Amino acid sequence: MKNLIKKLENEERINQEEANKLWDLDLFTLGKLAHKRREKFHGKKVYFNINRHINPTNICADTCKFCAFSAHRKNPNPYIMTHDEIMKIVDETVTRGTKEVHIVSAHNKDTSWQWYLEIFKMIKEKYPYIHIKAMTAAEIDFLHRRFAMSYEEVIEKMLEYGVDSMPGGGAEIFDEEIRKKICHGKVSSENWLKIHKLWHKKGKQSNATMLFGHIEERKHRIDHMFRLRKLQDETGGFNAFIPLVWQRNNSFIQTDKIMDSEEILKTVAISRLVLDNIKNIKAYWATMTLNLAMVAQEFGANDLDGTIEKESIQSAGGAKSAKGTSLKTFIDMIKTANLIPVERDSLYNELKIY
């Protein structure tokens, strides 16, 4: 263990076998190592952006067992928005200074591909300065299967219609045995990585997520991180890694496992140490609470995500994130922790230091 700690202190790259041993370290040793790495990248800065989440439909052809958002499962309120309804939300949020719209839909087979994609052109024509983060790899895979469009064709349309960057959703856990049990039929891990690689080859950036705390084991999280690290070595296109804490309410996954704060913080810290080539680690407050997301800033994370305004997917599973949070709350909490609040744009360019 001493050799491994020394290696990390010297900022040498660790292998997968070594990474699996990191779980044996106590939380504070891990935190210290991860915080040192975080400070090298970012000093005392904590990033956030002013964004709005929009989920245009919850009617989904896939039946992922972990999901409480889809109207197919325990959510009794199916909906689909018109483009006019989506534009009304965008019009309203722009007046409040929002700089990013984050648009992710369920996989609705009763719509056209135009319904999915043409809204981006409408937003961009009216608000050319708004950053559009949209279309997970799972959505791209769905359009590919539903409308016989190649991945390349979908990506070309996204670029043509104004999508600026891709969110990291749909990654879940890359291990295919786990995927069979929790999201059978959804985009495969191989295709998720392939889609992001194609996007990066266009000179565009994306995020990467990992859903943990359900039936996966620690070794599956490490495997997931190493697959991301390998692709990042090739493309350099990932902006941020986002470990998402699974929300257990209204779920079809049967597990007695409770994800405690220590396990969450260890996962964040290990991701900072493994992903030496992804600059930003996001403690997404919507899945881990704002308080724990703030603690995670001392365990390797450097980002909180954004104000969100309205959040539907995690809150359907029990998260207390439905109404977003205020800019003032972010700034106050970061300053109270003796850290520096930095408003960023969607690609991590600094806009304002508070």
Side-chain angles (χ1 to χ4, degrees), residues 1 4-5 7-8 13-31 33-34 62-68 137-138 168-193 207-232 238 241-276 278 281-284 287-288 292 296 299-301 314 317-319:
M1 230 21 169
L4 178 54
I5 291 172
K7 205 170 173 180
L8 288 165
R13 176 168 268 200
I14 59 173
N15 63 35
Q16 199 158 336
E17 189 185 342
E18 290 167 328
N20 274 302
K21 289 178 183 164
L22 291 176
W23 300 105
D24 297 332
L25 291 173
D26 69 273
L27 177 64
F28 295 104
T29 303
L30 261 181
L33 291 163
D62 286 321
T63 51
C64 300
K65 286 190 173 177
F66 60 81
C67 179
E172 320 319 352
I173 283 282
F174 286 148
D175 183 87
E176 284 301 335
E177 290 305 308
I178 299 291
R179 289 181 92 76
K180 259 182 215 163
K181 292 172 184 167
I182 66 168
C183 57
H184 187 58
K186 196 176 193 172
V187 62
S188 68
S189 51
E190 188 184 336
N191 284 336
W192 189 98
L193 290 160
N207 288 338
T209 61
M210 176 182 76
L211 185 73
F212 72 103
H214 41 89
I215 64 167
E216 92 294 344
E217 295 171 32
R218 287 169 159 182
K219 66 179 182 183
H220 298 129
R221 291 179 223 157
I222 298 294
D223 168 65
H224 190 101
M225 293 175 201
F226 271 79
R227 294 197 213 188
L228 290 172
R229 191 174 86 173
K230 183 171 181 281
L231 180 55
Q232 184 73 343
F238 288 122
F241 173 67
I242 311 164
L244 300 170
V245 184
W246 173 60
Q247 306 301 308
R248 61 195 306 120
N249 289 7
N250 303 317
S251 170
F252 282 79
I253 292 178
Q254 302 299 314
T255 177
D256 298 326
K257 191 163 58 175
I258 296 286
M259 186 65 34
D260 62 22
S261 300
E262 181 176 349
E263 188 72 10
I264 293 167
L265 293 173
K266 273 193 165 189
T267 302
V268 171
I270 289 171
S271 71
R272 177 65 288 164
L273 296 169
V274 168
L275 297 170
D276 52 17
I278 298 180
I281 305 289
K282 185 184 289 189
Y284 184 40
T287 72
M288 63 172 72
L292 191 60
F299 287 81
Q314 306 301 335

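If you're wondering where the values come from, they're calculated on a predicted model, not measured in any experiment.
- Between F299 and F28, the ring-plane angle classifies as tilted under the 30° and 60° cut-offs.
- Looking only at side-chain heavy atoms (C-beta outward), K266 and L27 come within less than 4.5 Å of each other.
- I173 has its side chain out of reach of D223: every pair of non-hydrogen atoms, C-beta onward, lies at least 4.5 Å apart.
- For the side chain to side chain contact (heavy atoms under 4.5 Å, CB included) criterion with F212, the lone passing option out of R218, H220, E172, M259 is M259.
- Within the 3.5 Å criterion, the main-chain N or O of H224 finds no donor-acceptor partner in the side chain of R221.
- Atom CZ of residue R229 and atom CD1 of residue I14 lie 7.0 Å apart, to the nearest 0.5 angstrom.
- Residues T209 and F241 form no side-chain contact, since every pair of their non-hydrogen atoms from C-beta on lies 4.5 Å or further apart.
- To the nearest 0.5 angstrom, D24 atom CG is 12.0 Å from T29 atom OG1.
- No donor-acceptor pair closer than 3.5 Å links the side chain of W192 to the backbone N or O of F174.
- From I215, atom CD1 reaches atom CG of D175 across 9.0 Å, with rounding to the nearest 0.5 Å.
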For this session: Just do the side chain to side chain contact (heavy atoms under 4.5 Å, CB included) check on E217 and I178 with the steps written out, would you?
Result: CA-CA 9 Å; E217 295 171 32; I178 299 291; over 6 Å; no
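- Between V274 and Q16 the shortest side-chain heavy-atom distance does not fall below 4.5 Å.
- Atom NE2 in H184 sits 10.0 Å away from atom CD in E176 (nearest 0.5 Å).
- Contact annotation: the side chain of Y284 never approaches that of V245 to less than 4.5 Å [non-hydrogen atoms, C-beta and beyond].
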For this session: Please assess E263 against D260 for the test side chain to side chain contact (heavy atoms under 4.5 Å, CB included), listing each intermediate value before the final yes or no.
Result: CA-CA 5 Å; E263 188 72 10; D260 62 22; 3.3 Å; yes
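- Under the 4.5 Å side-chain criterion, counting only non-hydrogen atoms from C-beta, I281 is not in contact with I242.
- Between the CG atom in L244 and the CD1 atom in I264 there is a gap of 11.5 Å [rounded to 0.5 Å].
- Here L228 contributes atom CG and M210 contributes atom CE; the two are 9.0 Å apart, rounded to the nearest 0.5 Å.
- In summary, the side chains of R227 and S189 do present a donor paired with an acceptor at a separation below 3.5 Å, with no hydrogens or angles considered.
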